[in-house]
There are 2 protein chains.
Amino acid sequence: MRIGQLAQLVGVETQTIRFYEQQGLLPPPDRQDNGYRVYTEKHGEGLAFIRRCRILGLSLAEIHELQSYQDDPHQPCTAVNALLDDHISHVRSQITALQALEKQLVSLRASCNDDREVEACGILAGISEGNMHQQ
Amino acid sequence: MRIGQLAQLVGVETQTIRFYEQQGLLPPPDRQDNGYRVYTEKHGEGLAFIRRCRILGLSLAEIHELQSYQDDPHQPCTAVNALLDDHISHVRSQITALQALEKQLVSLRASCNDDREVEACGILAGISEGNMHQQ
DNA sequence: TAAAACTATAAAGCTACTATAAGGTCAATA
DNA sequence: TATTGACCTTATAGTAGCTTTATAGTTTTA
Ligand SMILES: [Zn+2]
Ligand SMILES: [Zn+2]
Ligand SMILES: [Zn+2]
Ligand SMILES: [Zn+2]
């Protein structure tokens, strides 16, 4: 299987596959005589794993960590679970921060209607005066 | 006022100030004979404005846009209000996406306890098998 | 006077790709 | 046979918003 086929199979661009290889997330495949990469089914599984992790918002570093656990299958999986717990709390704190931000933005938006000049814009005034609620 | 004092006043690093100048967000200040930048109060206000915008999650491009409106104070402020509306909807869609992600992560987390080997980890199995709910 | 603290520029690093450039390989076609 | 087109290769730069590093000159302080 060449790189283009693998890319289409998993739904990724070819450059992304080379990038993962370069980052050490995908093992370097064999090459044909002409230098073309040749992939096996295992590479497909590895790449799909990476992509599903990315969809879950895991960083490449976190994925690398998960892969290192997979290489040691008889260890307890405590670290895997902890990694996910950490990630969940990251996501939750992002949500909290964005919700606070939304509140600020909505209240700022309420300080202006559409019938003013820039000079009198309640939004610009609100930002300039710095009367923003601290989070 | 030199760059270090301005930085301390606004709570920014000196490099950040130079960066904003380079990006065209802060007007280039006068220089002393030795080349040191000399800032006025206006620069302080401008920098504080940028920082408050950043706290509100506005991009440098959005800030630049706001500044261009400020340069034309007798235009109607419709564009300012629209910019904020757009930004609010960006933030809201981020929140929605993250909440969906959190759900997925929590359900994945529930598929494992702490007393397994990596081989049998419900989380790694869940990711590998790809039985993830589509968003 | 010499060290500490400050300033300057330029360039690289961070994340996770994406895009571009310049070129080699291969099968099918005119 | 020449050439088109689709595919592959590497290397390099761009994205956002800084932060870090390197190297060097200046001012302040001990
Ligand atoms: Zn994470
Ligand atoms: Zn307005
Ligand atoms: Zn925005
Ligand atoms: Zn587990």
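From a predicted model like this one, the values you see are computed outputs, not experimental measurements. The sequence lines fix the lettering, A, B, ..., with proteins before strands; numbering per chain opens at 1. Hydrogens, waters and symmetry mates play no part in the numbers below; they use all other heavy atoms, side chains included.
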Side chains of [X] and [Y]: closer than 4.5 Å at any heavy-atom pair?
X	Y	value
Val106(B)	Arg92(A)	yes
Asp72(B)	Val118(A)	no
Ile50(B)	Arg54(B)	yes

Review item, side-chain donor-acceptor pairs of residues 1-16 of chain A, under 3.5 Å, at least two apart:
unit_1  : atom_1 : unit_2  : atom_2 : d
Gln5(A) : OE1    : Arg2(A) : N      : 3.0

| request: Please say whether more than 12 non-hydrogen atoms of neighbouring residues, nucleotides or ligands are located less than 6.0 Å from CD in Gln32(B). | output: yes

| Distance test, side-chain N/O of Arg37(B) to OP1/OP2 of dT9(C), below 4.0 Å | yes

| message | With the threshold set at under 4.0 Å for non-hydrogen atoms, list the residues of residues 38-46 of chain B touching DNA chain D in residue-number order. | response | none

| Taking every non-hydrogen atom, the tightest pair across Ile63(B) and Leu25(B) | CG2-CD2, 4.1 Å

| task | Give a yes or no on whether a salt bridge exists between Asp114(A) and Arg109(A), defined as a side-chain N under 4.0 angstrom from a carboxylate O. | result | yes

For [X] and [N], what is the distance between atoms [atom1] and [atom2] respectively, to the nearest whole Å?
X	N	atom1	atom2	answer
Gln22(A)	dC17(C)	CD	P	13 Å
Gln5(A)	dC7(D)	CD	C1'	10 Å
Leu47(A)	dC17(C)	CG	C1'	14 Å
Met1(B)	dC6(C)	CE	P	15 Å
Asp30(A)	dC8(D)	CG	P	17 Å
Ile17(A)	dA19(C)	CD1	C1'	16 Å
Leu6(A)	dT9(D)	CG	C1'	16 Å
Ile3(A)	dT9(D)	CD1	C1'	10 Å

| said: Return a single string for nucleotides 16-30 of chain D, one symbol per nucleotide in 5' to 3' order, where B is base contact, S is sugar-phosphate-only contact and - is none, cutoff 4.0 angstrom on heavy atoms. | reply: -BBSB----BBS---

| query | Side-chain heavy atoms under 4.5 angstrom apart, residues restricted to Ile, Leu, Val, Met, Phe, Trp, Tyr: same cluster for Tyr36(B) and Val38(B)? | reply | no

| query | For the side chain of His87(A) and the backbone of Glu62(A), is there at least one donor-acceptor N/O pair under 3.5 Å apart? | reply | no

